[in-house]
Structure formats: C-alpha cells, structure tokens
Amino acid sequence: MRYTRTATALLISIGLGIAIGAQGRRGGTAVKPGEECPPGTTETRPGSCQAPEFPPPSILDYRPRTTLVAAEHKVPRAKFPVIDIHGHPPGISTPEGLASMVADMDRLNLRVMTSASNTSGARLTQQLAVINASPYKDRFRVLTGIDFRDVGPGWAEKAVAQLEADIKAGAVGVGEISKSLGLQIRKRDGSRLRVDDPDLDPVWQAAARLDIPVFIHTAEPQEFFSPLDYKNERWLELALFPDRRNYQPEQVKFEQLMTERNNLFKKHPKTRFIAAHFGWHANDLQRAAAMLDAYPNVVVEAGAILYDLGRQPRAAHDFFLKYQDRILFGKDSWQPEEFPYYWRVFETRDEYFDYYRDYHAFWKLYGMDLPDEVLKKLYYKNSLKAVKGMPTTGWPQ
Ligand SMILES: [Zn+2]
C-alpha cells in the first residue's frame with residue numbers, strides 16, 4: 001500500500017513538474033552547460049534543475065513496476081549439458097550432500113560441478129573418496145589449492161610436492177587461486193606477495209609439466225577500488241560489504257594487480273591459465289579482447305559478471321562469437337535458483353529483465369541469443385579442452 005502511494009505521489013510530482021514547466025514560471029536552480037545539478041535536484045529543462053516536491057525514496061525503496069510488455073522466455077534448464085568450472089559446492093564431503101546437489105544439477109542440466117575451493121591434502125582425499133564411492137563419480141571434479149602462507153626460501157619445493165601429491169590423488173587442476181593473492185597475503189619477510197612473485201614460479205612450471213590448468217581470481221571489480229561516492233556504480237554493494245572496499249590509499253591498486261597478473265601470464269606461456277570472472281574485464285570487452293590476444297595460454301571464466309554481459313547484449317554476443325574457443329562457463333556461489341538467469345541471458349533474445357541481485361546491478365538484463373555451437377563451447381567443449389581430467393564421454397557433438 002505504501003508503495004502504491006509513493007508511486008502515486010511520484011506521478012503527481014512528475015505531472016506537476018510538466019505543468020509548471022510548461023507555464024515556465026516556477027524557477028529552478030540554474031546551471032551552466034556541462035555543470036551538474038546540485039544534490040537533491042534533477043535537470044528539468046536545459047540549464048535548469050529542480051527538486052521534487054515530495055521527499056525522494058532511497059535507492060533501496062524505489063522499485064518501480066515496469067509497464068513494458070516484453071516477450072518472456074524463462075530457461076529453467078540449459079539447452080545443452082553444462083560443466084561449471086567455478087563451483088563452491090557445499091555438499092561434496094558426504095554422500096547425502098552429493099545426492100541433494102545432483103537433484104538440483106539434473107533440473108538445471110548441469111552435468112559436471114567442479115569444486116574450486118582450494119582443497120588440498122587430507123580434505124581433498126576425503127572428498128574424492130566420497131565422490132568415487134558414490135553413483136555420481138562423473139558428476140563432480142575437484143581442483144586442488146596452493147597454500148601461499150609463509151612464502152620464502154624452501155616454500156616452493158614443499159608446494160610443488162603437495163601439488164604433485166594432490167594431482168596423483170585425483171585433483172584435475174589448481175584453483176581457485178584466491179583474490180587474496182595480490183590483495184592481502186604477505187610473504188615470510190612481511191612484504192606483500194605479488195601475483196608475479198618469482199618465488200611462486202616453480203608452482204606454475206609444475207602445472208605446465210603436469211598438464212593441468214590454473215584457475216586464478218585476481219583483484220575485484222574495478223569499482224571496488226574507487227572511492228565510495230555517489231558516482232560509484234557499486235555503491236550499494238560496497239556499503240553492504242565492508243570487506244569489498246579496496247579503495248583506501250594504502251591498499252594495492254587495481255591496475256597494479258592487472259599488471260602483476262599479466263606478467264604472470266606472460267612469464268609462463270606453457271602454463272594454461274583460466275582467468276576467473278573474465279579477468280574483471282567484462283565491463284570493458286576491448287580490454288578482455290586485448291588480454292586474450294596477448295596471452296594465448298589464457299581463457300576466461302564467465303562467473304559473477306552476468307550483469308555486465310546482460311547490459312551490453314550486442315557487444316557481448318559479438319565477443320562470444322569472436323572468442324568462442326576462449327570462454328568457460330562458471331557460476332561461483334552455489335545457488336541453484338540463480339543459474340537460469342545465465343541460461344536466459346546466453347540463450348534468448350529477451351529484453352529488459354531482472355538480474356538476481358539488486359546490489360550487483362540496479363539495471364536490467366538483455367539476452368545475447370548465442371548460436372548453438374557457441375553455447376556448446378561455452379557450456380562444456382571449452383572446459384573439456386582446458387581440463388584434461390573431465391569426463392570425456394556422453395557429450396553431444
Ligand atoms: Zn570462486
């Protein structure tokens with residue numbers, strides 16, 4: 001009821017604005033060309049700003065009903081079987097957990113869930129034992145983690161030995177290397193552990209030798225490194241989650257992390273890297289293209305950046321066609337009800353529909369209408385190429 005009243009009040013205020021504007025009597029605040037309206041006002045005529053007559057709702061409470069009548073094609077189930085290369089499945093340590101996940105996965109047409117939760121040693125062996133003893137051993141794969149604590153002389157030998165043991169035990173790759181590499185982790189000597197630190201080189205070389213991919217998440221969305229002002233398009237997210245604020249002067253800069261990451265890719269051309277979250281370049285597809293062009297050993301994963309693809313469906317469509325062999329599907333957090341948003345953006349031509357988290361994106365999404373061959377590559381073919389240990393049979397041609 002309150003909501004309806006707010007909407008009515010707003011309509012009245014808009015109506016009043018038009019009426020008064022037409023009469024040209026009510027004076028607004030004048031601004032020069034190129035100047036912004038003062039806070040609390042909006043430009044109603046060129047050079048003239050006006051405050052609404054009623055107190056404006058906050059960004060949390062303004063939830064206008066759309067009057068657009070658009071075709072709706074919800075996609076509860078992906079058109080082709082899917083490998084999720086970026087999973088953090090909660091239930092893979094017990095047979096019951098696996099069974100309950102598989103029920104959801106079947107509904108979504110998610111054939112393989114990859115656990116990218118940095119699992120190593122005894123925990124990894126335990127999870128693999130549960131998976132292999134279950135009826136679902138071809139439905140799950142596990143990546144191993146690298147322990148970046150205490151990097152210094154002697155660290156690499158131990159890390160490589162653990163990596164070799166974990167791969168022998170059945171892990172199919174490394175990941176996810178967390179954003180804390182670069183952002184927070186310190187070396188034994190107290191300095192920040194850079195993404196391209198030479199002490200880590202033996203690990204990346206071992207990955208090449210073992211023919212396994214390295215799934216790496218570097219930095220955060222670019223706006224997390226920008227001041228929390230009203231120009232920041234992630235204002236709400238940053239205001240909600242203190243640990244996502246990376247804009248303090250003493251913190252490492254976004255561009256610094258990108259440079260270190262690119263150095264890493266360049267230094268190890270024989271190592272296959274999967275850059276999580278599109279390398280945080282889904283908001284700048286030219287930059288994503290430049291990265292893929294510069295480093296043939298790199299592919300990208302499309303998790304948690306759907307809000308950027310869905311707001312530029314034509315550019316994203318063209319990008320996915322051009323780089324159709326270089327993009328892997330991943331979702332990140334395990335929320336079964338969120339996957340259909342991905343299917344809908346990738347598969348349909350639908351327009352102006354909601355994303356699943358308002359704090360990520362206050363804008364609407366549009367479908368990219370990808371052709372079947374590109375969908376197949378995105379959903380499973382590219383992951384089969386990147387990760388040798390995936391189940392190889394039973395996929396559509
Ligand atoms: Zn993740």
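Numbering of ligands and ligand atoms starts at 1, following listing order. Values reported hereafter were calculated over all heavy atoms of this structure, with side chains retained and with hydrogens, waters and symmetry mates removed.
- Ring geometry, W155 versus F148: the interplanar angle falls under 30°, so the pair is classed parallel (tilted spans 30 to 60°).
- Using a 4.0 Å cut-off between a side-chain N of Lys or Arg and a carboxylate O of Asp or Glu, D196 and K267 do not qualify as a salt bridge.
- With hydrogens and angles left out, the side-chain atoms of E223 and S226 include a donor and acceptor closer than 3.5 Å.
- Two residues are said to be in side-chain contact when any heavy atoms from C-beta on lie closer than 4.5 Å; P213 and V387 meet this criterion.
- Sorting the N, O or S atoms of D332 by how far they are from the Zn ion (ligand 1) puts OD1 first.
- For residue H88, an N/O/S atom approaches the Zn ion (ligand 1) to within less than 2.8 Å.
- The atom of E176 nearest to the Zn ion (ligand 1) is OE1, with the search restricted to N, O or S atoms.
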